[in-house]
Undergrad: 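Dropping a structure here in structure tokens format, bear with me for questions.
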Amino acid sequence: MGASKVHRWLALLIGAQVIVWFTSGLVMALLPIDTVHGDHRIDRDAEPALSSAQAFAPVPTLLTAAGSPVRQLQHRVLLGRPVVEAQLASGGVRLLDARTATVLPPIDASTAGAIARKAYRGKSATSTVERVERASPEYRGALPAWRTSFADDDATRIYVSAETGRLTSVRTGTWRLYDFFWGLHIMDWTQHERFNTPWLKAFAAGGLVFGVAGAILLFMRWPRRRRKSRGMRQGAA
């Protein structure tokens, strides 16, 4: 098959995806990244800072209360209460009261909903809380987690880790629009995160061949080459 036919068929196969690449890239570039991240719907610093005047339990007491080898201790505030987040060597997390070293119960739906509502910046007074056990295209953060959904015009969803009570993600309509076009852009139509899919590799390789074939055609059809050939034939005659 000649270079011209290869170029023509590749133009038909790749042309549609090239339009998708440019369109999705333009849409993602036009969407403000702060809005995509949901910064207009959530206050990530809703909890106050720890006060140095507070009396906390000694570190040895906290380590003993954790009941397992600890990799790291971190003091922070959870719903206005000073707590210690103990990162266990086994990979788990245990929450302790920072003042008494008492082990706190796991984050339940009521607590997770309160954490989400405290950080929420929208106007919706209605929310529902659901437990999330599996990752999905919308959420790939720490599991298990609690999802608090708000009935606003952006369909805001705030995710809270069931282990730490930390805000892990916020999802809005803008984020979903961005994620949809991101999936089209990287040609991962299910998970929206694999940028080295076979489809993307194939179309990228096809685009390279398309460019090389175009360069060959340009060289073959360059006007000066034809003029030079005609001049040589006339001289020979």
Side-chain angles (χ1 to χ4, degrees), residues 33-50 66-68 70-98 102-180 182-183 186 188-195:
I33 194 63
D34 291 340
T35 305
V36 173
H37 290 163
D39 293 341
H40 64 304
R41 292 296 189 188
I42 189 173
D43 180 6
R44 302 181 189 276
D45 299 317
E47 296 287 1
L50 283 170
S68 181
V70 174
R71 188 186 308 275
Q72 180 182 3
L73 293 175
Q74 184 175 5
H75 288 69
R76 62 187 180 91
V77 177
L78 179 63
L79 290 178
R81 178 183 188 177
V83 300
V84 173
E85 184 180 309
Q87 298 283 346
L88 305 180
S90 60
V93 177
R94 191 156 292 158
L95 289 180
L96 310 171
D97 187 293
T102 303
V103 177
L104 300 178
I107 303 297
D108 58 13
S110 176
T111 303
I115 294 170
R117 285 189 291 271
K118 187 172 184 178
Y120 179 60
R121 283 180 171 178
K123 299 179 180 179
S124 174
T126 305
S127 62
T128 58
V129 183
E130 300 171 281
R131 189 173 175 87
V132 178
E133 299 282 354
R134 296 181 179 180
S136 66
E138 178 171 290
Y139 179 74
R140 291 180 285 268
L143 291 170
W146 294 100
R147 177 179 61 224
T148 303
S149 304
F150 294 89
D152 56 22
D153 57 358
D154 221 4
T156 303
R157 293 176 178 175
I158 296 177
Y159 291 84
V160 174
S161 169
E163 281 193 320
T164 66
R166 290 184 179 273
L167 298 171
T168 54
S169 296
V170 56
R171 299 296 184 242
T172 64
T174 304
W175 182 91
R176 295 181 191 96
L177 179 64
Y178 184 97
D179 187 62
F180 171 76
W182 170 249
I186 63 174
D188 180 8
W189 304 290
T190 56
Q191 299 301 316
H192 299 183
E193 66 173 351
R194 299 169 298 178
F195 59 88

Undergrad: His40: what forms a ring pair (Phe, Tyr, Trp, His ring centres under 6.0 Å) with it, not counting sequence neighbours?
TA: none
Undergrad: Over all heavy atoms of both residues, which pair between Ala151 and Ser124 is shortest? Give the atoms and the distance, please.
TA: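 Smallest heavy-atom distance, with atoms named: N-OG, 3.2 Å.
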Undergrad: Run the salt bridge (Lys or Arg N to Asp or Glu O under 4.0 Å) test on Arg44 and Asp39 for me, step by step, so that the C-alpha distance in whole Å, both residues' side-chain angles and the decisive distance to 0.1 Å come before the verdict.
TA: CA-CA 8 Å; Arg44 302 181 189 276; Asp39 293 341; 3.3 Å; yes
Undergrad: Check side chain to side chain donor-acceptor pair (under 3.5 Å) between Arg171 and all other residues, then give those that pass, not counting sequence neighbours.
TA: none
Undergrad: Is Lys123 salt-bridged to Asp152, going by a charged N under 4.0 Å from an acidic O?
TA: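 No, this pair does not count.
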Undergrad: Kindly indicate whether the side chain of Gln87, heavy atoms from C-beta on, has any atom under 4.5 Å from the side chain of Val93.
TA: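 Yes. Closest side-chain heavy atoms under 4.5 Å.
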Undergrad: State, with a plain yes or no, whether a side-chain heavy atom of His37 is found less than 4.5 Å away from one of Ile42.
TA: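 Not in contact.
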Undergrad: Salt-bridge test for Asp153 and Arg41: reply yes if a basic N is under 4.0 Å from a carboxylate O, no otherwise.
TA: yes
Undergrad: State whether Asp43 and Lys118 are salt-bridged, where the test is any N-O pair (Lys NZ or Arg NE/NH1/NH2 against Asp/Glu carboxylate O) under 4.0 Å.
TA: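 Salt bridge absent between Asp43 and Lys118.
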Undergrad: Test side chain to side chain contact (heavy atoms under 4.5 Å, CB included) on His75 and Val84 and set out the steps.
TA: CA-CA 4 Å; His75 288 69; Val84 173; 3.5 Å; yes
Undergrad: Would you mind telling me which of Arg166, Glu47, Arg81 makes a side chain to side chain contact (heavy atoms under 4.5 Å, CB included) with Arg76?
TA: Arg166
Undergrad: Do Arg157 and Glu138 pass the salt bridge (Lys or Arg N to Asp or Glu O under 4.0 Å) test, and can you show the C-alpha distance, the side-chain angles, and the key distance before you say yes or no?
TA: CA-CA 10 Å; Arg157 293 176 178 175; Glu138 178 171 290; 3.1 Å; yes
Undergrad: Per the ring-ring contact (aromatic ring centres under 6.0 Å, His included) rule, what does the pair list look like for residues 151-178, sequence neighbours excluded?
TA: Tyr139-Tyr159
Undergrad: Measuring only between side-chain heavy atoms, which start at C-beta, is Ile115 closer than 4.5 Å to Thr148?
TA: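 No; the side chains remain at least 4.5 Å from each other.
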Undergrad: Distance-only, no hydrogens or angles: does the Trp146 side chain make a donor-acceptor pair with backbone N or O of Ile107 under 3.5 Å?
TA: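 Yes: the side chain of Trp146 pairs with the backbone of Ile107.
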Undergrad: Could you tell me whether the side chain of Gln72 reaches within less than 4.5 Å of the side chain of Glu85, counting heavy atoms only?
TA: no
Undergrad: Test Val83 against every option in Leu96, Leu104, Asp97 by the side chain to side chain contact (heavy atoms under 4.5 Å, CB included) rule and name the one that passes.
TA: Leu104
Undergrad: Does any donor atom in the side chain of Ser127 or Arg117 lie under 3.5 Å from an acceptor atom in the other side chain?
TA: yes
Undergrad: Between Leu88 and Val70, is any pair of side-chain heavy atoms under 4.5 Å apart?
TA: yes
